[in-house]
Amino acid sequence: MSELHIIRNISNDDGAAQVSDYGAHLLTWTPTAGRQVIWQPKAVYLGEGKAIRGGVPVVFPWFAKGWENGEMTAKTPKHGFARTSDWHVDAEYTDDSRIRYTLTDADANPEWLAELHCGAAPRFHATYDIEVGSELAMTLTVTNDGDEPLRYEAALHTYFSTSDITAASIHGLEHADYLDATLPGFPPRVQGDEPITFDGATVDRIYYATDPIMLEDPAWNRAIVITAEGTKQTVTWNPGVAADTEIGDMQPGEWRDFVAIEAASCREHAIVLQPGESHAITQRVQVVGR
Ligand SMILES: O=P(O)(O)OC[C@H]1O[C@@H](O)[C@H](O)[C@@H](O)[C@@H]1O
């Protein structure tokens with residue numbers, strides 16, 4: 001993190017957002033006359049090398065500790081270096097309804113680039129577009145500027161605000177295969193007929209499905225519709241009561257206030273770009289009701 005920490009306001013007739021240059025991290029988004037949709041903790045801890053909790057962390061170029069040759073690796077930093085890097089604003093594509101950030105291999109230190117295992121000198125540029133209005137759209141586009149294939153994982157790790165997660169439910173992943181990341185070895189499971197619900201136990205699942213999702217929250221009389229493009233998986237995560245003792249940058253009980261629903265391509269669905277190729281992943285968010 002540079003000494004100066006810049007938070008930008010993007011505001012128009014239809015909605016408002018705040019974005020941090022550190023991590024190209026969307027912190028909040030609120031449609032006009034509606035409630036906040038993207039969750040932000042009561043206290044936001046900022047520090048060099050520390051990922052920002054809440055909002056939309058950009059996970060790139062590896063997910064969790066990485067995955068290669070059918071096995072989990074031990075790459076650091078967790079979830080890649082994009083969320084702890086200072087991104088650059090592209091003023092030409094930035095106005096009161098959108099912002100564009102860029103990041104290249106020149107922004108990454110050599111140890112991180114070596115963790116990619118994509119030749120001696122991996123080269124890339126990433127463009128991250130956030131469109132703010134009555135809907136929210138986020139697109140991460142990566143181009144391989146090097147001479148060797150570039151393999152990377154990515155996710156838009158969106159934290160959605162909830163009245164109380166134990167009274168909300170996620171629809172759209174019925175019958176989907178998933179990996180249960182709360183158990184050793186991530187055993188495969190299949191979602192039944194029922195929506196995903198939460199009771200205070202940790203839920204951490206990688207669904208092999210990208211159907212439109214509806215996060216229903218009757219207490220707030222609203223549903224959030226989430227769609228993804230260019231990805232292969234949907235990750236759902238809520239830490240449950242364990243967060244009170246295991247997650248230092250959340251207040252006790254805050255686990256009730258959000259669920260993460262992530263548009264992801266990870267593990268065996270990492271994206272492989274040949275020299276000169278590009279790929280985009282997008283997550284779009286709409287609100288039904290308030
Ligand atoms: O605390 P972090 O590094 O932001 O990660 C939060 C969560 O991110 C999710 O994507 C993972 O599936 C979880 O396992 C992880 O706990």
- How are the rings of Phe81 and Phe124 set to each other: parallel, tilted or perpendicular (split at 30° and 60°)? tilted

- Answer with yes or no whether the hydrophobic clustering places Leu46 together with Leu27; edges join I, L, V, M, F, W, Y residues whose side-chain heavy atoms lie under 4.5 Å apart. yes

- Message: Let me confirm one number: the CG-CD1 distance from Leu215 to Ile196, rounded to the nearest 0.5 Å.
- Response: 10.0 Å

- Item | Inter-residue atom distance Asn144.CG - Leu273.CG, 0.5 Å rounding | 5.5 Å

- So, Lys232 and Glu268, do they make that salt bridge, N to O below 4.0 Å? no

- Task: Would you kindly confirm whether Ile247 and Tyr159 end up in one hydrophobic cluster when ILVMFWY residues are joined by side chain heavy atoms under 4.5 Å apart?
- Result: yes

- Query: Going from CD on Glu277 to CD1 on Ile271, what distance comes out if it is rounded to the nearest 0.5 angstrom?
  - Reply: 11.5 Å

- Donor-acceptor pair, side chain of Trp87 and main chain of His25, under 3.5 angstrom: no

- Task: Would you check, one step at a time, whether the test side chain to side chain contact (heavy atoms under 4.5 Å, CB included) holds for Leu26 with Leu136?
- Result: CA-CA 10 Å; Leu26 182 85; Leu136 172 70; 3.7 Å; yes

- Task: Using atom types as modelled and distance alone, determine if a side-chain donor or acceptor of Asp145 lies under 3.5 Å from a backbone N or O of His125.
- Result: yes

- Quickly, which of Glu153, Glu115, Glu68 forms a salt bridge (charged side-chain N to carboxylate O under 4.0 Å, His left out) with Lys75? Name it, please. Glu68

- Message: Just to verify, which of Phe60, Trp112, Trp62 counts as forming a ring pair (Phe, Tyr, Trp, His ring centres under 6.0 Å) with Tyr152?
- Response: Phe60

- If you draw a 6.0 Å radius around CD in Glu71, do more than 12 non-hydrogen atoms from other residues or ligands fall strictly inside? no

- Keeping the roles fixed (side chain from Asn12, backbone from Asp96), state whether a donor-acceptor pair exists under 3.5 Å. yes

- Message: Main chain of Ala209, side chain of Thr234: is a donor-acceptor contact present, judged purely on distance under 3.5 Å?
- Response: yes

- Message: Looking at Gly230, is its backbone amide N or carbonyl O close enough to the side chain of His279 to form a donor-acceptor pair, meaning the two atoms are under 3.5 Å apart?
- Response: yes

- Going from CG on Leu173 to CG on Asp211, what distance comes out if it is rounded to the nearest 0.5 angstrom? 7.0 Å

- Is a side-chain N or O of Thr158 found less than 3.5 angstrom from the main chain of Val56, in a donor-acceptor match? no

- Over all heavy atoms of both residues, which pair between Ser161 and Ile224 is shortest? Give the atoms and the distance, please. O-CD1, 4.4 Å

- Task: Verify, without hydrogens or angle tests, whether Glu254 (side chain) and Lys42 (backbone) share a donor-acceptor contact under 3.5 angstrom.
- Result: yes

- CA sep, side-chain torsions, deciding dist, call: Val203, Trp237, side chain to side chain contact (heavy atoms under 4.5 Å, CB included): CA-CA 5 Å; Val203 171; Trp237 174 66; over 6 Å; no

- Query: Should Val44 and Ile7 be regarded as members of a common hydrophobic cluster, given that ILVMFWY residues are connected when their side-chain heavy atoms come within less than 4.5 Å of each other, either directly or indirectly?
  - Reply: yes

- Message: Treating Thr139 as the side-chain partner and Asp129 as the backbone partner, does any N or O pair qualify as donor plus acceptor under 3.5 Å?
- Response: no

- Query: Going by heavy atoms in the side chains, are Val37 and Arg222 under 4.5 Å from each other?
  - Reply: yes

- Message: Can you list, by chain and residue number, the hydrophobic cluster partners of Trp67 when the side-chain cut-off is 4.5 Å?
- Response: Val59, Phe63, Met72, Leu179, Phe186, Ile206, Tyr208, Val235

- Message: Treating Thr84 as the side-chain partner and Lys50 as the backbone partner, does any N or O pair qualify as donor plus acceptor under 3.5 Å?
- Response: no

- Query: Relative to the ring of His79, is the ring of His157 parallel (under 30°), tilted (30 to 60°) or perpendicular (over 60°)?
  - Reply: perpendicular

- Using a 4.5 Å cut-off on heavy atoms from C-beta on, say whether the side chain of Pro195 contacts that of Glu174. yes

- Go through Arg256 and Asp164 one step at a time and tell me if the salt bridge (charged side-chain N to carboxylate O under 4.0 Å, His left out) criterion holds. CA-CA 5 Å; Arg256 292 180 176 275; Asp164 180 336; 3.1 Å; yes

- One should read off an interatomic distance between Ile213 CD1 and Tyr207 OH, to the nearest 0.5 angstrom, of 9.0 Å

- Item | Any Pro41 side-chain heavy atom under 4.5 Å of Gln251 side chain | no

- side chain to side chain donor-acceptor pair (under 3.5 Å) between Asp217 and Thr162, intermediate numbers included: CA-CA 7 Å; Asp217 196 339; Thr162 55; 5.1 Å; no

- Item | Donor-acceptor pair, side chain of Asn238 and main chain of Phe258, under 3.5 angstrom | yes

- Query: Do the side-chain N and O atoms of Asp90 and Thr102 include a donor-acceptor pair separated by under 3.5 angstrom?
  - Reply: no

- Query: What do the steps show when you test Thr28 against Gln36 for side chain to side chain contact (heavy atoms under 4.5 Å, CB included), and what is the final call?
  - Reply: CA-CA 7 Å; Thr28 63; Gln36 190 159 310; 3.9 Å; yes

- Message: Go through it in stages, so that I can follow the logic: the residues are Gln191 and Arg205, the test is side chain to side chain contact (heavy atoms under 4.5 Å, CB included), and I'd like the CA-CA distance, side-chain angles, deciding distance and then a yes or no.
- Response: CA-CA 10 Å; Gln191 183 71 26; Arg205 300 175 182 174; 3.4 Å; yes

- Task: Measure the CD1-CE distance between Ile261 and Met214 for me, rounded to the nearest 0.5 Å.
- Result: 11.5 Å

- Does CG belonging to Asp13 count more than 12 external heavy atoms closer than 6.0 Å? no

- Item | CG/Asp244: more than 12 non-hydrogen atoms of other groups inside 6.0 Å | yes

